[in-house]
Amino acid sequence: MGDQGLGTRLREAGVRRGDLIGLAIAPDGAVAVAPRASSGTPADGLMTTAGQVAQADEEIRPRWVTWSQETARQLIAAGVRVSTCWDVAAVHRLIYGGWRADPGWAWAHLRGLPLDKVPADNGKDNLIPDLFSSEPTEAPDPVAADGYLEPTFARGGWARTPEALRKWARLAGEAAEMQRSAVERIATAHSESTAELLCAELAADGLPVLLSALEELLADLIGPRPRSEQEAHVIRAARDAEVLKHASPGFPADLRSPVQVKTMLSAAGVDVPDTRAWRLEPLADGSPLVKALLEWRKAERIATTYGYSWLDANLGSDGRLRGGWTGSDGAAGRMTASAGLHNMPAMLRRAVIAEPGHLFVRADLGQIEPRVLAAVSGDRALAQATQNDDMYLPVGQELGVDRPTAKVAMIAAMYGQTTGHGGEAARRMRKAYPVAMGYLDDGDRNARNGNDLRTYGGRLVRMSQGGSPAQVAGRGRYGRNALIQGAAAELFKMWAVTVRARGNDLGAAIVLCLHDELLLHVPEENADQAVRLLADCLAETARRWAPRGDVRFIADISVVRSWSDAKAG
DNA sequence: TGCGGCTATTG
DNA sequence: CACAATAGCCGCAG
């Protein structure tokens, strides 16, 4: 029995490609899998190893059911990467909205249990059998008598017995089956789930960075690495002095305090309501103080957020910059990353350089939000405009305005402009694209009224009731935009997981996801194929995501050695 | 010590 | 300066 591979056992039990199989992994690396009871395997599931899971994944490619991204991280730590999954937490966020998605919370939703009575984790392992007892112990049941999940399980106390681990795996499978009947679009549940696998891989693998190049850039911007705390202090004071020498004597200000900076500027005859860069920018030519302050801000920003301590904390000795990744944030469902991976200053991106023998293939979606609007609203006229590489040209023609005006009018519609209130271009936009504008207005109105929204891909966006008129207006803009941003995020993730799946043979690894941009790290001999892969996957995704097929999505794809090289060949 | 405000960076 | 995010520092309340 034990010498028979997991793949063989599952196949003999009738498991086929895409079938849901519960999977749980213990901190010590023990793995339990639980196919559906009807498939003829033991109802309690079976114990196996991470290596066996990898083999079975290759042989059958089922859809492994996990409670959260944590399982993927544990599998990766055990050296195993699976092809697809059903992530209960990710699908929970899709169906029910909000951020919280722990097993007990998701389970209570699926069983229709009162949410105010979901038991809190008291930190006690009251279900753990006494390991020193000679009495045979029965594995505890993860479902308590009242129907709620036992909080101990979600924390990992269950891992201590194989029986409990098998039950935990089976329960994940049951949760997934229930979720499957509740999701609006299965395809979204699949891509949002597998995006969690991608996130775990991004966190584990990191972004290739050339340390020497990054240190050179930092030296240019903020000086060499200080050798001591004292030296760091001296450098900081010297930087401050470059600004303060332009200030009026008697007004020594703490440059890190906005209030004091405002007072200092006022004493120099510069009166501003706040000290934001865009407000000070026009005054820089007439004031050496303002000019010095703005330069100080840039350097200070690098020094505090992207300086040597950031580098030390996040750049591994293997030249990989690592941060945590989430598959969908609390609002509209975009991916987020920490460690500055999503907001690294353009200047520093020069140090993001492919490893020897490799190249980056960079692809970003063009005008993704207005194209998504055309798709999700079903506006035929706007869909027609997406046939153009630059859709603002036909839109401008239709409205009888120039391209910049058309673009501003479109963005104002999607984001809910507060100042100016439209004008002639906005009125023509309503007439030319009534379906798209109606879709946005519906979202705005529902959000203002506190009605929950649902994106094209089926993600619930929760809206709260009440609030001041200003908050109500803010909610309207939020809801209007969430429908577009959220749908764009769903399309992007579907594209990303498709590239992930197809890129294996080329050795093409996704090393960064950035809302509408994918960065692949590829052996240089495969770079041209990777370019085609990205384009093919986008076409495939567009067909699957927006089946009517009348909206054209475009990507700008280039092969580069450094991330900052926009269009090298 | 925690948290809102201000600021900067990115898509 | 609309929509979204992460992140650091300051100033104030507890």
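Residue numbers start from 1 in every chain, and the chains themselves are labelled A, B, ... in the order their sequence lines are given, proteins ahead of strands. When reading the values below, keep in mind they use all heavy atoms of this one structure, side chains included, and skip hydrogens, waters and symmetry mates.
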Looking only at side-chain atoms of [X], point me to the closest of [options].
X      : options              : answer
A/R256 : C/dC9, B/dC6, B/dG11 : C/dC9
A/Y415 : C/dA4, C/dA2, B/dT7  : C/dA2
A/R334 : B/dG11, B/dT9, B/dT7 : B/dG11
A/R477 : B/dT7, C/dA5, C/dC3  : C/dC3
A/D254 : C/dC10, C/dC3, C/dA7 : C/dC10
A/P345 : B/dT9, B/dG11, B/dA8 : B/dT9
A/Y478 : C/dG8, C/dC3, B/dT10 : C/dC3
A/R276 : C/dG8, B/dA8, C/dG11 : B/dA8

Practice task
Hey, can you tell me if A/H358 and A/H521 have their rings parallel, tilted or perpendicular (30° and 60° cut-offs)?
Solution key: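 Parallel: the ring planes of A/H358 and A/H521 meet at under 30°.
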In this structure, how many angstroms lie between the [atom2] atom of [N] and the [atom1] atom of [X], rounded?
X      : N      : atom1 : atom2 : answer
A/Q485 : B/dG11 : CD    : C1'   : 9 Å
A/W310 : B/dA8  : CH2   : C1'   : 15 Å
A/E300 : C/dA7  : CD    : P     : 18 Å
A/D274 : C/dC1  : CG    : C1'   : 11 Å
A/L341 : B/dT9  : CG    : P     : 18 Å
A/E295 : B/dT7  : CD    : P     : 19 Å
A/L519 : B/dT10 : CG    : C1'   : 15 Å
A/L255 : C/dC10 : CG    : C1'   : 13 Å

Problem - Nearest-nucleotide 5' precedence on DNA chain C, A/N343 against A/W278 - result: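 It is A/W278, whose closest nucleotide lies nearer the 5' terminus.
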Using a heavy-atom cut-off of under 4.0 Å over every strand shown, decide if [X] touches base, sugar-phosphate, or nothing.
X      : value
A/M344 : sugar-phosphate
A/A482 : nothing
A/D364 : nothing
A/I411 : base
A/R349 : sugar-phosphate

Problem - Short side-chain to backbone donor-acceptor contact, A/Q367 and A/M391, under 3.5 Å - result: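 Between the backbone of A/M391 and the side chain of A/Q367 there is a qualifying donor-acceptor contact (under 3.5 Å).
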Taking OP1 and OP2 of [N], is either one under 4.0 Å from a side-chain nitrogen or oxygen of [X]?
X      : N      : answer
A/S257 : C/dG11 : yes
A/R297 : B/dA8  : yes
A/T275 : B/dT7  : yes
A/K262 : B/dC6  : no
A/Q260 : C/dG11 : yes
A/R301 : B/dT9  : no

Practice task
Establish, for the pair A/R239 and A/W296, whether the NZ or CZ atom is under 6.0 angstrom from the six-membered ring centre and no further than 45 degrees off its axis.
Solution key: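 No - A/R239 does not lie over the ring of A/W296 by the 6.0 Å and 45° rule.
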Exercise for the section: Please check if any side-chain donor atom of A/Q69 sits under 3.5 Å from a side-chain acceptor atom of A/R73, or the reverse. Expected result: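 Yes, a side-chain donor-acceptor pair sits under 3.5 Å.
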Handout entry: Taking every non-hydrogen atom, the tightest pair across A/G323 and A/L341
Key =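 Shortest heavy-atom separation between A/G323 and A/L341 comes out as N-CD1, 3.6 Å.
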Handout entry: Between A/W545 and A/Y456, ring centroids under 6.0 Å
Key =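 Distance test on ring centres: under 6.0 Å, yes.
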Exercise for the section: Inspect the surroundings of CD in A/E231 and state if more than 12 heavy atoms from other residues, nucleotides or ligands are less than 6.0 Å away. Expected result: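 Yes.
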